[in-house]
Amino acid sequence: MEKYISVKELEDAAITLLPKAARDYYKSGATDELTLADNRKAFSKLRIRPKCLVGLTGCDLRTTVLGQEVSMPLGISPTAMQRMAHPDGELANARAAEAEGTIYTLSTISTSSIEEVAEAAPKAVKWFQLYIYKDREVTKNLVLRAEKAGFKAIALTVDTPLFGLRRADVKNKFTLPQHLKLANFEGHLSNKIHQSGKGSGLNNYVQNLFDKTLSWDDIKWLKSVTKLPIVAKGILRGDDAVKAINAGCNAILVSNHGARQLDGVPATIEALPEIINAVKDHNVEVYLDGGVTTGTDVYKALALGAKMVFVGRPALWGLAVGGQAGVQRMLSIFRTELEYTFQIAGTPTVSDITSDMVRHENTYCK
Ligand code: FNR
């Protein structure tokens, strides 16, 4: 895996290896994919302002997330159906997170079950991403299983009343290949994913089974079934962040779902400052994902107030290229880039990274 020295190289290799339907599903953003490009572009508009001669003795990337120590401020966001990328799918991905000492988030619609992942990576800090099904007993059961299996948080996805319109999936009539299954379910909750019908089979599955009537009041219900902390995943507005906290959520993940829901929404790094500002009087952690492909991207998000940063697609690219070893390579590329960035910027620990370390390019032109 050593020949890959950037996340971009892993992506390029993965793109050539993956079958068309899986590749299109992993890569796509919503409709014209403007936000998909913006998630990346917005990072390039931020400038890091290094401090010189700080008397370095090394650097320490460690941080804590919801009280758990992680080896660096980069973890893995949930992505569905990972066995399309590699036969070991979620198990390989979780094992890589365990080996690298960071967080693995398992999707509700995974091709390995909660229990299989827990067994494969018992020491990883694992979070469970929750979609709320119309059938609340089904949903409750998922949460209880995750809690029993030692998962440390529920990442409740709040940006998905329905799945976004991804044109490639519509064209491909995307469904999960027959030899794979949605491993957290039995019967029609698992089988329905194989029915294509009109357009994307995945979107049809979601429209049939997920509860689009959800409101902030439903957090009460979720809190009544679990003691695990709840991370509201998919927040893009300050007022929604406050609503999430008032409803009982414990942390905020600023995310636009990898630009896969609604095109034209802000890049996540653009939305972050509004949310940090809105929650400044509440004692909650804020995280970010979306378009992060380098150590300097992670650094910029930390400087703007994120406590932890996550990646979705980069883990899929690593997985497709080399299973567990590929995901570990992806994480170690980020680790190396972070070590360089922390030291050359003159901020050897996470707590040294203050908001003045980054400025928008426009503020240099005035
Ligand atoms: C996702 N994402 C996602 N989110 C979620 O809450 N549940 C899920 O099952 C999935 N599935 C999923 C599949 C694929 C193929 C992608 C690319 C994304 C969104 C994901 O958690 C995360 O927010 C984004 O992937 C972050 O953006 P990057 O890192 O992919 O740019």
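Start at 1 and go down the list; that is how both ligands and their atoms are numbered.
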Counting only nitrogen or oxygen atoms and a 3.5 angstrom limit, does [X] reach ligand 1?
X	value
Gly312	yes
Asp289	yes
Thr79	no

Give a yes-or-no answer on whether the side chains of [X] and [Y] include a donor-acceptor pair shorter than 3.5 Å.
X	Y	value
Ser110	Glu90	no
Asp352	Thr349	yes
Asn203	Asp169	no
Asn93	Gln82	yes
Tyr133	Thr108	no
Gln129	Thr157	yes

Close-contact set for ligand 1 against [X] heavy atoms, below 4.0 Å:
X	answer
Val311	29 (O)
Leu316	15 (C)
Thr157	5 (C), 6 (O)
Ser77	21 (O), 22 (C)
Ser255	23 (O)
Gly290	26 (C), 27 (O), 31 (O)
Ser107	8 (C), 9 (O)
Gly258	23 (O), 24 (C), 26 (C), 27 (O)

Salt-bridged, [X] to [Y], with N to O below 4.0 Å?
X	Y	result
Lys123	Glu98	no
Lys227	Glu147	no
Arg237	Glu274	no
Asp24	Arg166	no

Does Asp159 have a heavy atom less than 4.0 Å from any atom of ligand 1? no
Less than 6.0 Å separating the ring centroids of Tyr131 and Tyr205? no
Students should be able to answer this: which protein heavy-atom is nearest to [atom], and at what distance?
atom	answer
atom 8 (C) of ligand 1	Tyr131 OH, 3.3 Å
atom 16 (C) of ligand 1	Arg260 NE, 3.4 Å
atom 20 (C) of ligand 1	Pro78 O, 3.2 Å

Could you pull out, from [options], the option with a heavy atom nearest to [atom]?
atom	options	result
atom 4 (N) of ligand 1	Lys233, Gln82, Gln129	Lys233
atom 11 (N) of ligand 1	Ala80, Ala22, Gly29, Gly291	Ala80
atom 28 (P) of ligand 1	Arg313, His257, Gln261	Arg313

